[in-house]
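Report on the following structure.
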Amino acid sequence: MAATPRSLSRSLQKLASTPRSSLLTQFSNAYRTISTQSQAVRSIPLGPRIFASPRRTFTSTPTRSHGHITPPKPGEELWVTFIDKENREHKIAVAKGDNLLDVAQAHDLEMEGACGGSCACSTCHIVVLEEDMYEKMSEPEDDENDMLDLAFGLTETSRLGCQVHMTKELDGLRVKLPSMTRNLQASDFGSK
């Protein structure tokens, strides 16, 4: 006998008035009945596949690394060195166009990037160690400067990692991750 919405409703009403001690027993019996019925239904020949209901299959998407970067092609590597909060150096080969936030996250370095790289926070703050390398970078835009004003430990050579894209001129770049960050976003200062 197939369950209808009315029969299910009556069953639920009965369950609501049943003492809790017998609910577990009734649930177990109902589960066994449903399992037996579904096995019996699966064994019924359905004829041509056109009329058979398709079974659901489980699929998954391959996981991606944090930063969604592609490895550089052999011979086209650019190098950047991150110095973390414990003063350990991490020399990493990157491709032209990669931004430092994505590179750091792809290599599990401690750079938060709370806004996802949209230049709306200061958690990817970095300090460029060589002033001549800083001069080779494009000028920070107003949005970046506004967010840098919120950064902890701001210096003359501070930048946001999400806004620094690797170029051939920046090959050999060395940056320091500050000892801490402030998770202040632009949305924190909107009108209320």
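Throughout, residue positions are numbered sequentially from 1 according to the sequence presented.
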For [X] and [Y], work out which heavy atoms get closest and say how close.
{"X": "G117", "Y": "C162", "answer": "CA-CB, 3.7 Å"}
{"X": "Q163", "Y": "R159", "answer": "O-NH2, 4.0 Å"}
{"X": "E130", "Y": "R174", "answer": "OE2-CD, 3.1 Å"}
{"X": "S158", "Y": "V127", "answer": "OG-CG2, 4.0 Å"}
{"X": "G113", "Y": "C121", "answer": "C-SG, 4.5 Å"}

Exercise. Tell me, with the steps shown, if I126 and L160 meet side-chain contact (heavy atoms from CB on, under 4.5 Å).
Key: CA-CA 6 Å; I126 58 168; L160 295 182; over 6 Å; no
Tell me whether [X] shares a hydrophobic cluster with [Y], the cluster being built from Ile, Leu, Val, Met, Phe, Trp, Tyr side chains joined at under 4.5 Å.
{"X": "F152", "Y": "M111", "value": "no"}
{"X": "V80", "Y": "L129", "value": "no"}
{"X": "V175", "Y": "L78", "value": "yes"}

Self-check item: Worked verdict on H125 versus L148 for side-chain contact (heavy atoms from CB on, under 4.5 Å)
Solution: CA-CA 7 Å; H125 171 226; L148 281 169; 3.9 Å; yes
Can you tell me how far apart [atom1] ([X]) and [atom2] ([Y]) are? Round to the nearest 0.5 Å.
{"X": "M137", "Y": "E169", "atom1": "CE", "atom2": "CD", "answer": "11.5 Å"}
{"X": "L100", "Y": "L177", "atom1": "CG", "atom2": "CG", "answer": "9.5 Å"}
{"X": "M180", "Y": "T123", "atom1": "CE", "atom2": "OG1", "answer": "13.0 Å"}
{"X": "D102", "Y": "N99", "atom1": "CG", "atom2": "CG", "answer": "4.0 Å"}

Exercise. Would you check, one step at a time, whether the test side-chain contact (heavy atoms from CB on, under 4.5 Å) holds for E77 with V94?
Key: CA-CA 6 Å; E77 300 97 347; V94 300; over 6 Å; no
Exercise. Can you spot which of T157, D84, N87 makes a side chain to side chain donor-acceptor pair (under 3.5 Å) with K176?
Key: N87
Check: [Y] main-chain N/O paired with [X] side-chain donor or acceptor under 3.5 Å:
{"X": "T81", "Y": "H90", "result": "no"}
{"X": "H165", "Y": "G97", "result": "yes"}
{"X": "E135", "Y": "M133", "result": "no"}
{"X": "D98", "Y": "A95", "result": "yes"}
{"X": "E144", "Y": "C119", "result": "no"}

Practice problem: Take I92 and F82 through the test side-chain contact (heavy atoms from CB on, under 4.5 Å) and record every step on the way to the result. | Solution: CA-CA 8 Å; I92 300 170; F82 290 90; 3.8 Å; yes
Quiz prompt | Side-chain donor-acceptor contact under 3.5 Å, D142 with N145 | solution = no
Self-check item: Test applied, side-chain contact (heavy atoms from CB on, under 4.5 Å); reference residue, W79; option that passes from L173, D171, L170
Solution: D171
Quiz prompt | K96 with E76: basic N within carboxylate O range, under 4.0 Å | solution = no
Quiz prompt | More than 12 heavy atoms from other groups under 6.0 Å of CD on E110 | solution = no
